[in-house]
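Heavy atoms only: backbone and side chains are in, while hydrogens, waters and symmetry mates are out. Just so you know, residue 1 is the first one in the sequence shown, and it goes up from there.
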Amino acid sequence: MAWLLLFIAGLLEVGWAVGLKYTEGFSRLVPSVLTLVCMAASIAMLGLALKTLPMGTAYAVWTGIGAVGTAILGIVLFGDSASVARIACIGLIVAGIVGLKLAT
């Protein structure tokens, strides 16, 4: 259950990171509210996951999911670079997340 909470928390982190782009400096109400809700829910779920998961592992996986998801959505939604080096680095982050999961 803790790993599921952590995964959802990571997805919510992606939500608020991408949401920041849509708030336009918190000048748009609906995207701003949704972004803040994602922030609060992400932190709350991370906190719940930390009840049973090791702190270092949980935090690294949470930020890794957020980084990978945000980078991928940046490519898909905003036309960020999809160079081979960038994709390879995203792959390395995924490998690290999987490694941490397997080692816990």
Side-chain angles (χ1 to χ4, degrees):
M1 183 66 166
W3 282 104
L4 177 62
L5 287 172
L6 184 60
F7 180 73
I8 294 168
L11 294 179
L12 287 167
E13 185 185 5
V14 174
W16 71 256
V18 172
L20 283 173
K21 179 79 169 172
Y22 290 106
T23 69
E24 295 180 10
F26 290 100
S27 64
R28 298 178 61 213
L29 179 62
V30 173
S32 296
V33 169
L34 291 174
T35 298
L36 292 171
V37 167
C38 282
M39 285 178 175
S42 180
I43 294 291
M45 293 182 120
L46 174 62
L48 290 172
L50 284 171
K51 285 183 172 184
T52 56
L53 296 175
M55 182 191 60
T57 299
Y59 185 76
V61 169
W62 179 67
T63 58
I65 292 168
V68 167
T70 303
I72 291 171
L73 286 179
I75 291 167
V76 172
L77 298 175
F78 305 114
D80 292 354
S81 169
S83 67
V84 172
R86 187 172 175 146
I87 299 299
C89 289
I90 291 170
L92 289 171
I93 295 169
V94 170
I97 293 168
V98 171
L100 286 170
K101 167 67 172 110
L102 295 174
T104 300

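The hydrophobic cluster containing L5 does not contain V37, counting ILVMFWY residues as joined when their side-chain heavy atoms lie under 4.5 angstrom apart, directly or transitively. A chain of hydrophobic side-chain contacts below 4.5 Å, direct or via other Ile, Leu, Val, Met, Phe, Trp or Tyr residues, connects W62 to V94. In the hydrophobic clustering of ILVMFWY residues, with side-chain heavy atoms under 4.5 Å counting as a link, L20 and V14 come out apart. Residues V76 and L11 share a single hydrophobic cluster, defined by chaining ILVMFWY side chains whose heavy atoms lie under 4.5 Å apart. Under the 4.5 Å side-chain heavy-atom criterion for grouping Ile, Leu, Val, Met, Phe, Trp and Tyr, V68 is connected to V98 within one hydrophobic cluster.
A60 and L100 get closest at one heavy-atom pair: CB-CD1, 3.5 Å. Of all heavy-atom pairs between I75 and A82, the closest is CG2-CB, 3.8 Å. Scanning both residues, A2 and A49, for their nearest heavy atoms gives O-CB, 3.6 Å. Considering all non-hydrogen atoms of both residues, M45 and L12 come closest at SD-CD1, 3.7 Å.
Judged by distance alone, with hydrogens and angles left aside, the side-chain atoms of S42 form no donor-acceptor pair with the main-chain N or O of M39 at under 3.5 Å. Without hydrogens or angle criteria, T70 side chain to A67 main chain gives no donor-acceptor distance under 3.5 Å.
For the atom pair CG of L4 and CG of L48, the computed distance is 11.5 Å after rounding to the nearest 0.5 Å. The line from CZ of R28 to CG of L34 is 10.5 Å long, rounded to the nearest 0.5 Å. Here the CD1 atom belonging to I72 is positioned 12.0 Å from the CG atom belonging to D80, to the nearest 0.5 angstrom.
For F7, there are no ring-ring contact (aromatic ring centres under 6.0 Å, His included) partners two or more places apart in sequence or in a different chain. F26 is linked by a ring-ring contact (aromatic ring centres under 6.0 Å, His included) to nothing, counting only residues two or more places apart in sequence or in another chain. Taking the side-chain contact (heavy atoms from CB on, under 4.5 Å) definition, one finds that A71 meets it with R86, I90, sequence neighbours left out.
The only option from T104, L6, L53, L46 that meets the side chain to side chain contact (heavy atoms under 4.5 Å, CB included) definition with V61 turns out to be L6.
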